[in-house]
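Just the heavy atoms: all of them, side chains too, but no hydrogens, waters or symmetry mates, feed the values below. Residue numbers start from 1 in every chain, and the chains themselves are labelled A, B, ... in the order their sequence lines are given, proteins ahead of strands.
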2 protein chains.
Amino acid sequence: MGKLTAQAIAERALEIGDAEGLDAVTIRRLAAELGVTPMALYWHFKNKDQLLAGMADHLIAGFAPQPADERPWQEQLRDLTVGLIRTLRAHRCARDVFERVGQVAVPNYLAVWNRALGLGRTAGFSADESCLISQYLLRSAIAIADAPGHSRDEQEVRARRAGLQALPPERYPFIVEMAAPLAGGMDPELYDTFGVDLVLAGIEALAARRIQSEP
Amino acid sequence: MGKLTAQAIAERALEIGDAEGLDAVTIRRLAAELGVTPMALYWHFKNKDQLLAGMADHLIAGFAPQPADERPWQEQLRDLTVGLIRTLRAHRCARDVFERVGQVAVPNYLAVWNRALGLGRTAGFSADESCLISQYLLRSAIAIADAPGHSRDEQEVRARRAGLQALPPERYPFIVEMAAPLAGGMDPELYDTFGVDLVLAGIEALAARRIQSEP
DNA sequence: ACCTGAACACCGTTCAAGT
DNA sequence: ACCTGAACACCGTTCAAGT
């Protein structure tokens with residue numbers, strides 16, 4: 001049967017996380033599913049944080065950012081963003097994983113980050129600004145990937161909508177009014193395009209301002 | 001001495017979270033510090049998730065968004081954003097709290113969200129778009145509030161920078177090059193203004209596009 | 001190199017009982 | 001209404017030992 005390898009462990013952990021949430025991913029539970037003693041996992045990952053990092057790394061392993069080319073940076077940045085989003089979409093628990101993980105410990109994530117940083121520089125941003133932009137872009141991509149309305153049970157959406165509609169309308173009039181889209185009943189197409197447009201529009205606007213104020 | 005009230009519990013929990021990280025905030029630990037049995041807390045909060053929600057609520061209790069006025073929505077949205085950021089800055093663990101909490105269970109957060117939704121509508125966005133914009137704006141504000149470079153020990157920054165500089169430069173050239181600002185050695189002023197500008201510029205750009213395509 | 005067994009120091013939570 | 005005591009079913013991790 002499949003040997004016990006860091007890869008296999010991370011894969012199984014992601015399966016559990018996708019199915020039952022990241023809290024269900026436990027060293028002991030994971031070991032039990034792999035037919036092994038909890039301590040066996042400690043040979044492959046020195047602790048649980050490393051396991052999380054391994055999950056995150058395996059998550060974006062399939063996404064190798066393309067090397068820089070001659071197209072305008074806006075296009076390349078958009079490609080990087082939608083590529084990352086598409087990759088993260090493969091696992092429901094992706095967002096939770098990246099929230100709990102130390103990003104520096106995830107080589108494949110660093111590669112994407114590095115690429116975003118480079119594109120920031122070619123866009124004309126300073127080093128400091130490129131740092132902010134890249135972190136902002138990647139964070140937003142992760143948030144967009146975790147779309148409500150994408151691959152969620154009808155029942156869950158309905159429950160959330162009911163919860164929002166039960167709020168006092170005199171205190172939260174807009175939330176009650178827009179309970180349906182807030183709960184996840186939104187066009188997935190709109191969600192993706194609009195989200196990416198929003199993030200990129202901000203970056204492009206600031207880039208344009210820079211050029212203006214710089215003779 | 002101070003009575004054991006939900007308020008006092010949430011306050012003490014935030015203190016622990018600020019000082020030692022949110023993982024240190026434990027029912028048992030918290031009870032011990034309050035000189036009480038762990039079970040005592042279960043009278044005030046029905047479980048740990050509710051405690052987290054209580055912490056989040058207490059966190060933004062001091063920030064009541066101003067009612068809508070006659071100024072342009074851009075200004076009002078900016079005020080809301082910087083106000084929220086300033087409030088969150090009061091507690092180091094704010095970001096972690098909001099990552100772990102179900103936002104619907106936090107009344108004061110819902111009030112801010114409701115306000116952002118309303119401003120989205122007056123900006124001319126559809127219901128769906130306003131949902132996306134508001135969530136995006138609040139998420140970004142939380143991220144910006146948790147600034148690296150703001151109120152962090154020198155030692156921590158130095159350690160992170162060393163970690164980044166130790167990465168293989170042929171694989172992550174830009175990360176290694178910009179290790180200093182990435183680790184948190186950035187002008188706090190720039191961090192704040194640039195971050196808020198970035199988010200608002202994106203929203204304003206999309207609002208402008210809408211107007212253009214809509215006679 | 002790779003895994004097991006037993007043990008330690010923790011968790012959140014329930015349930016019955018006290019005042 | 002507000003809190004305690006004892007117990008249950010879990011955690012992550014260390015350390016010595018096996019093969």
Side-chain angles (χ1 to χ4, degrees), chain A residues 1-58 93 96-106, chain B residues 1-58 93 96-106:
Chain A
M1 300 246 32
K3 281 189 60 178
L4 187 66
T5 161
Q7 263 247 32
I9 296 174
E11 238 157 55
R12 190 72 169 212
L14 283 173
E15 282 174 30
I16 299 177
D18 287 340
E20 303 177 39
L22 201 52
D23 285 341
V25 178
T26 230
I27 299 275
R28 296 173 114 107
R29 161 80 184 275
L30 191 50
E33 290 213 5
L34 291 165
V36 97
T37 275
M39 306 316 123
L41 305 187
Y42 279 84
W43 199 90
H44 302 275
F45 298 98
K46 108 173 211 290
N47 55 35
K48 200 180 177 183
D49 284 340
Q50 290 256 358
L51 170 65
L52 264 307
M55 292 171 70
D57 206 49
H58 189 261
C93 64
D96 290 316
V97 171
F98 277 94
E99 262 173 7
R100 276 170 178 68
V101 94
Q103 301 165 339
V104 182
V106 186
Chain B
M1 299 250 35
K3 281 190 58 178
L4 188 65
T5 162
Q7 262 245 36
I9 297 174
E11 237 157 57
R12 189 71 169 211
L14 284 172
E15 281 174 30
I16 299 177
D18 286 341
E20 304 179 37
L22 202 53
D23 285 340
V25 178
T26 230
I27 299 275
R28 297 174 114 106
R29 161 81 183 273
L30 192 51
E33 291 213 4
L34 292 165
V36 98
T37 278
M39 304 316 123
L41 305 187
Y42 279 84
W43 198 90
H44 302 275
F45 298 98
K46 106 173 213 290
N47 55 36
K48 199 178 178 184
D49 285 339
Q50 290 257 359
L51 171 64
L52 264 307
M55 292 171 70
D57 207 47
H58 189 262
C93 65
D96 290 317
V97 171
F98 277 95
E99 262 173 6
R100 275 169 177 68
V101 97
Q103 301 165 337
V104 183
V106 186

Whole angstrom value for the distance that separates [atom2] of [N] from [atom1] of [X]:
X	N	atom1	atom2	result
A:Ile27	C:dC11	CD1	P	18 Å
A:Lys3	C:dA1	NZ	P	14 Å
A:Lys48	C:dC10	NZ	C1'	14 Å
A:Phe45	C:dC3	CZ	P	12 Å
A:Trp43	C:dA1	CH2	P	7 Å
A:Asp23	C:dC11	CG	P	17 Å
B:Leu34	D:dC3	CG	P	11 Å

When you measure from the side chain of [X], which nucleotide among [options] comes out closest?
X	options	value
A:Thr37	C:dG5, C:dA1, D:dT4	C:dG5
B:Tyr42	C:dT13, D:dA1, D:dT13	C:dT13
B:Arg29	C:dG12, D:dT4, C:dC11	C:dC11
B:Arg28	C:dC11, C:dT4, D:dC3	C:dC11
B:Val36	C:dG12, D:dT4, C:dC2	D:dT4

Just so I know, are the side chains of [X] and [Y] near enough to count as touching, which here means a heavy-atom distance under 4.5 Å?
X	Y	answer
A:Leu22	A:Leu52	yes
A:Val101	A:Asp49	no
A:Leu51	A:Leu41	no
A:Ile27	A:Phe45	no
B:Thr26	B:Leu30	no

* Presence of B:His44 side-chain N/O under 4.0 Å of D:dA1 phosphate oxygens OP1/OP2 -> no

* Would you say A:Thr26 reaches D:dG12's phosphate, i.e. side-chain N/O to OP1/OP2 under 4.0 Å? -> yes

* Asked: Who does C:dT19 pair with, Watson-Crick or G-U, both distances under 3.5 Å?
  -> D:dA1

* Paired with D:dT14: which nucleotide, if any, by Watson-Crick or G-U wobble criteria at under 3.5 Å for both distances? -> C:dA6

* Between A:Lys46 and A:Ala24, name the one whose nearest nucleotide on DNA chain D is closer to the 5' end. => A:Ala24

* Neighbour count above 12 (heavy atom, 6.0 Å) for A:Gln7 CD -> no

Listing time: all N or O pairs from protein to nucleotides 15-18 of chain D that are below 3.5 Å?
none

* To do: Please step through salt bridge (charged side-chain N to carboxylate O under 4.0 Å, His left out) for the pair B:Glu33 and B:Arg28, ending with a clear verdict.
  => CA-CA 9 Å; B:Glu33 291 213 4; B:Arg28 297 174 114 106; over 6 Å; no

